[in-house]
Amino acid sequence: MPLTAYHFSSTGGLRRNLNREEICAAYASGEGLLWVDITETTGEDAEFLKCTFGFHNLAIEDCVSQRIHAPKIDDFGDHLFIIVHGINYMTESDIVETAELAIFIGSHFVVSNHNFKMYSVDHVKQQVEYNGLPIKRGADFLTHALIDTLIDNVMPTLDKMNEVADEIEEETIRNPNPATIDTILKFKRSISQIHRVMVPQRESMNRLSRSEFSLIGEDAQVFYRDIYDHVVRIEDIIHTLRDRADNTQSIYLASVANRQNEAMKVMAMVATIFLPMTLLAGIYGMNFENMPELKWPWGYYAVLGFMATVISILVWRFWANNWITWGRRQLTRVRPFDVDPENLMGYVSRFTKWPHL
C-alpha cells in the first residue's frame with residue numbers, strides 16, 4: 001500500500017511525493033520521467049495500476065501475488081515487465097530468503113513493485129533525493145540503477161556465507177555432531193535458494209544488454225552488460241559454495257564413520273585382550289574336585305604370569321599393526337608450499353657475485 005512517486009519534468013524540475021491524482025496527470029502528459037514505487041501491493045493498488053497505466057492483468061497479478069515468480073522479461077510493446085530477485089534482508093531465518101522486484105518500464109515512466117522493504121530501492125531513492133541523477137538520464141538508466149543495486153546487495157550475503165563455510169569446515173573436522181549436519185543442510189538449502197533465481201536472471205540480463213528491446217538505449221546496454229558480469233560472478237561463487245558444502249558433508253560423514261571405526265577398534269582390542277583371561281578364569285572357576293592345578297603352590301602366580309604374557313603379546317601385536325599409535329613418531333605440522341628459493345627459476349641469491357662487465 002505505501003506509495004512513493006517522483007516526476008522529473010522536461011524542464012529539469014524534480015517533484016517529490018506525488019499523490020495519485022498527480023501521478024495520473026504526470027503520466028497523461030507524456031513528458032519527463034515518472035517513477036512510482038509501490039510496496040505491499042493490494043487489490044486497490046492493482047486497480048490503480050490497471051486504470052492509470054493500462055498494464056496487462058497477468059503482469060498486475062504477478063505483482064499482487066505473494067508467490068515467488070521466476071525472473072523474466074515480458075515485452076508488451078509500449079512497455080516491458082521485468083522481474084528480478086535479490087536477498088530479503090527483512091526476514092530472520094536460518095535459511096537465506098530471496099525478495100522479488102517487479103519493474104514496469106516505458107518510454108517516460110518506471111513503476112517498481114515489491115512486497116518487502118528493499119535497501120537497494122531505498123538507496124536509489126536517496127540518490128534521487130540527493131542529486132536526481134538516476135532519474136535524469138531516462139527510464140532505462142533508472143531501471144539499471146534499481147537492478148544494479150539489487151544485484152550488488154547479494155554480495156554481502158555471499159561473503160558471509162563464505163565465512164560460515166569456513167566455520168562449518170573447521171567444526172566438521174574438530175567436532176562433528178548432529179548440530180553440524182543440520183547446519184550443513186541449512187547452508188545447502190540457502191545456496192539452492194539463491195541459485196534458483198540467479199540462473200534464469202543471468203539470461204534476463206543478457207537480453208537487456210543486447211539490442212533486443214527498443215526501450216533500452218545503446219548507451220545503457222553497456223551498463224546492463226556490467227550487471228550481467230556481476231550475475232555470472234555470483235553464479236560462480238554459488239557453484240564454489242555448493243562444492244564446499246558437498247565436500248563438507250562428505251567430510252562429516254567420513255569423520256563420523258572414522259569415529260565409529262575407532263570406537264569399534266578400541267572395543268575389539270579390549271575384547272581380544274580380556275578373552276584369554278576370561279577363558280582361564282572360567283576354566284579354573286569350575287567346582288570340580290579332581291583338578292590337579294588347584295593344589296599347586298605356585299598355580300595362582302603361574303596363571304597370572306600367563307595372563308600377563310598373553311596381554312603383552314597382544315598389545316605388541318596391536319602396536320605392530322598400527323592399531324596403537326602411542327610411542328610412534330607423529331607427523332609434525334609443517335608449512336605447506338614452503339619452497340626452497342634455490343629451486344626457483346630466476347632466483348638470484350644475495351650472496352651471488354656478479355661478474356664485472
Value rounded to 0.5 Å, distance of CE in Met198 from CD in Gln193:
12.0 Å

What distance do Thr143 atom OG1 and Leu101 atom CG have between them, rounded to the nearest 0.5 Å?
9.5 Å

Measure centre to centre between the rings of [X] and [Y], then say whether the value is under 6.0 Å.
X: His239; Y: His195; result: yes
X: Phe141; Y: Phe223; result: yes
X: His144; Y: Tyr224; result: yes
X: Phe53; Y: Phe109; result: yes

Answer yes or no: does atom CZ of Arg317 have more than 12 heavy-atom neighbours from other residues, nucleotides or ligands under 6.0 Å?
no

Is Phe76 atom CZ crowded by more than 12 heavy atoms from other residues, nucleotides or ligands, each under 6.0 Å away?
yes

For Arg20 and Asp45, run salt bridge (charged side-chain N to carboxylate O under 4.0 Å, His left out): C-alpha distance rounded to whole Å, both residues' side-chain angles, the deciding distance at 0.1 Å, then the answer.
CA-CA 10 Å; Arg20 299 202 174 195; Asp45 296 320; 2.6 Å; yes

Trace of the ring pair (Phe, Tyr, Trp, His ring centres under 6.0 Å) decision for Phe55 with His79
CA-CA 9 Å; Phe55 295 147; His79 68 274; 5.0 Å; yes

So, do [X] and [Y] sit near enough that their side-chain heavy atoms are less than 4.5 Å apart?
X: Arg15; Y: Phe8; result: no
X: Asp229; Y: Met205; result: no
X: Glu169; Y: Ile251; result: no

Closest non-hydrogen contact found for Gly86 with Val154 is CA-CG2, 4.3 Å

Keeping to residues at least two apart or across chains, list the salt bridge (Lys or Arg N to Asp or Glu O under 4.0 Å) pairs with something in residues 198-213.
Arg202-Glu235, Arg207-Glu212, Arg210-Glu212

Quick one: side chain to side chain donor-acceptor pair (under 3.5 Å) partners of Asp159, sequence neighbours excluded?
none

Does the distance from a Lys or Arg side-chain N to an Asp or Glu carboxylate O, for [X] and [Y], drop under 4.0 Å?
X: Lys72; Y: Asp74; value: yes
X: Arg244; Y: Asp166; value: yes
X: Asp219; Y: Arg137; value: no
X: Glu171; Y: Arg174; value: yes

Hydrophobic cluster of Ile313, others only, ordered by chain and residue number, side-chain cut-off 4.5 Å:
none

